[in-house]
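Within every chain, numbering begins at 1; the chains are lettered A, B, ... in the order of the sequence lines, protein sequences first and strands thereafter.
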There are 2 protein chains.
Amino acid sequence: MKLKDFAKHVGLSPTTVSRALSGYPEVSEVTRARVTEEAARLGYRPNVNAVRLKTGRAGAIGVVMGRAGEFHFAEFMAGMAERLVAEETDILVIPMSDPDQDDEMELYRRLVESRRVDAIIVHSPKPSDPRISLLHELGMPFLVHGRSDIDVPHAWLDIDNEGAIRRATSHLIDLGHRRIAMINGRPGATYAIHRDNGFRGALQSGGIEPDPQLQASGNFTDELGFRFARSFLEQPNPPTAIVAGSMMTALGVYRAARSLGLQVGRDVSVIAHDDVFPYLTADNMAPSLSATRSSMRAAGTRCADLVIQLLAGRSLTEIHELWPVELILRESTGAAPSPR
Amino acid sequence: MKLKDFAKHVGLSPTTVSRALSGYPEVSEVTRARVTEEAARLGYRPNVNAVRLKTGRAGAIGVVMGRAGEFHFAEFMAGMAERLVAEETDILVIPMSDPDQDDEMELYRRLVESRRVDAIIVHSPKPSDPRISLLHELGMPFLVHGRSDIDVPHAWLDIDNEGAIRRATSHLIDLGHRRIAMINGRPGATYAIHRDNGFRGALQSGGIEPDPQLQASGNFTDELGFRFARSFLEQPNPPTAIVAGSMMTALGVYRAARSLGLQVGRDVSVIAHDDVFPYLTADNMAPSLSATRSSMRAAGTRCADLVIQLLAGRSLTEIHELWPVELILRESTGAAPSPR
DNA sequence: TTTAGATTTGAAAACGGTTTGGCTGTTTTG
DNA sequence: CAAAACAGCCAAACCGTTTTCAAATCTAAA
């Protein structure tokens, strides 16, 4: 059923029908009611491709999916979905073919030129991220999930990584820990830098000299959590506390501790960042894991919301949100063991 | 830059340009070469919405994302993306608003009517899944990831869940285990039934009476893995082996065993199904986890491939793939402890 | 040298909507 | 009471392609 046929059915012109359904004011309420009702009854739905062609709107917002198969990704998207289900907006997942830099720029460029999306969400930006300048140049609306120092106006939402890790580290110091290790995310991304700042800041406040031997970074995997924690704990002067970047990392850290006969929460304290997953919760780990917590899903929902506002014309420069992060203390943190 | 302008630039009619770029045979190779080259140079790309309107193709395949925030989902999509990046095809993620049944049907119906996707991938079907009959009725091409007994012709790809669990269970029986527990996925889905069949089949072959007290099912979370394993192991006559449905479940099972002072691989054997995640590997668990293994990512890639073939006109009835599942033995399985 | 046949090309008609501008009546205003 | 403002509706142009049908050109056969 197309507009023309449907219009004939209700005895109106296509113009009026279109306006009635799109909520334009030039049509009387009684007519609008009749039209919407008939549309539902006869099952008329405007052809989405025609609408998109005519209006120039794509009806979708794009998310570029990295190669790494991040487990965070699904949660973020689930969150976005929660908000977008109400809107007539889809989520378009764009696969990243190559980790190559030039190639990634080319991907974004093609995505913009193809006009398949109305906006793009950029994840894990770097302090000066070329994607941001590119999108700005190309005039494509976008929202950055994370932060960047780049000198280009842009909307963003981020969590307070620095504050979170600072508080976590400070708390460990308060518990008497002096040798504290940190497993960060892949170097380069702003969030990793912020976390590093928080870590170093707390150490400095506590009068502790940071030890490069106690810092490592890499993908958020169980594997790396284990390897790094092992290497820390096997040093001559091992740390008594470890700050881990993710739940998966924490799993590896726990495993490393166990493998060395150390008890988490007594021999070695652990705090990790928890993005809140339905399938793996900090509270359920043994011992339960102290964590800095911020819901990835909620971030997805809010990002979707902000993108919608952005597209509705809200000013770029107003859209900056910095979320606080909770620190939840559980059993994995305890007083530093007295040196033997 | 639109077609008209571009055509003027190359000194040809829009018709010829369109044909040249779409690979039609009626245009001479020398012209085609010139056109493609110029298109690249001037950066001309057909407006995707116009193409879609005209051709009726949506250029996207849809995946409905459940509420549960499955961690498998991201891997599957990453796999799809790997294949689809070459095609001019997007992945459209459709959020499921409500776990309500009627509502889900309505969602599919609207999705089809909106013509936003050329095909749909249906996950975790039930033996008689109403989504399948609906899509068939509506004439929307679709591929089922999983299996269904429904009497409607449809393309599918599935892994041999029954065989996998049968082998896993048989192996445990060969090791001398007689009390074997099983943690299955959410009841209802065909895969859960198949796994159950494999489990019961193996027990029967081994002359073992299945004990309802040793069977449980639910979402694949660490939490449930723990709870179920605890309840099994605390029974008066506890199992000496547990078959777990997923990696997350296995994490919970390990935790339960540890919490009871049992050593996995000696006091209690564990086999789980591993969908192969980059961030959590069976080999790295402690002790390393014996697993039935099948790559979710590979399944995603292949499903995308099959959908493309389906859309290219390959017959429904030819597209049935049943993938074998590896059984990889590691340290978490050992001979049944001799009764004390 | 025609002529039929095969290649290439182009003009114009879709595809299914939205939106501009104009056209009626009807109500308000000076 | 005439002029102006307004409400409600419609015809037609347009969005940027693909594709049908016809025409032009070239090649090979008669």
Identify all side-chain donor-acceptor contacts of residues 140-151 of chain B below 3.5 Å with residues at least two apart in sequence or on another chain.
| from | atom 1 | to | atom 2 | distance (Å) |
| --- | --- | --- | --- | --- |
| B:H145 | ND1 | B:H123 | ND1 | 3.2 |
| B:R147 | NE | B:D158 | OD2 | 2.8 |
| B:R147 | NH2 | B:D158 | OD2 | 3.3 |
| B:S148 | OG | B:K126 | O | 3.2 |
| B:S148 | OG | B:P127 | O | 2.8 |
| B:S148 | OG | B:I150 | N | 3.2 |

Contacts to DNA chain C from residues 32-48 of chain B, heavy-atom cutoff under 4.0 Å, which residues?
none
Ranking D:dC10, C:dT9, C:dG16 by distance to the side chain of B:S28, first place goes to C:dT9
Of the nucleotides D:dT18, C:dG16, D:dC9, which has the atom closest to the B:S18 side chain?
D:dT18
Between B:E26 (CD) and D:dC21 (C1'), how many Å, whole number?
12 Å
For atom NZ of A:K54 and atom P of C:dT18, their distance in whole Å
10 Å
Using a strict threshold of under 4.0 Å (side-chain N to carboxylate O), is an ion pair present between B:R34 and B:E37?
no
Lys/Arg-Asp/Glu bridge criterion (N-O < 4.0 Å) met for B:E113, B:R110:
no
Check side-chain hydrogen bond (donor to acceptor under 3.5 Å, both in side chains) between A:R314 and all other residues, then give those that pass, not counting sequence neighbours.
A:Q309, A:E318
Just grab all the ring pair (Phe, Tyr, Trp, His ring centres under 6.0 Å) pairs involving residues 23-45 of chain B, residues at least two apart or on different chains.
B:F6-B:Y44
By side chain to side chain contact (heavy atoms under 4.5 Å, CB included), which residues pair with [X], not counting sequence neighbours?
X	result
A:N49	A:N47, B:R52, B:L53
B:T16	B:L12, B:S13, B:V27, B:T31
B:R57	B:T55, B:D118

Less than 3.5 Å between a donor and an acceptor, one on the side chain of B:T15 and one on the base of C:dA11, is that the case here?
yes
Could you go over nucleotides 22-26 of chain D and give all protein N or O partners under 3.5 Å, atom names and distances?
none

By nearest-nucleotide position on DNA chain C, the 5'-leaning member of A:Y24 and B:G11 is B:G11
Reading DNA chain C from 5' onward, which residue's closest nucleotide shows up sooner: B:L53 or B:T31?
B:T31
In sequence, state the C-alpha distance, the side-chain angles, and the governing distance for B:F277 and A:F71, and then conclude on ring-ring contact (aromatic ring centres under 6.0 Å, His included).
CA-CA 9 Å; B:F277 304 104; A:F71 50 92; 9.7 Å; no
Below 4.0 angstrom, which residues in residues 1-10 of chain B have at least one non-hydrogen atom near DNA chain D?
B:K2, B:L3
Please enumerate all residues that pass ring-ring contact (aromatic ring centres under 6.0 Å, His included) together with B:H136, with sequence neighbours excluded.
none
Based on the rotation axes of five pairs at each end, what angle does the helix from C:dT1-D:dA30 to C:dG30-D:dC1 bend through, to 10°?
50°
Which residues pass the salt bridge (charged side-chain N to carboxylate O under 4.0 Å, His left out) test with A:R115, not counting sequence neighbours?
none
Any side-chain N or O of A:S13 below 4.0 angstrom from OP1/OP2 of D:dA11?
no
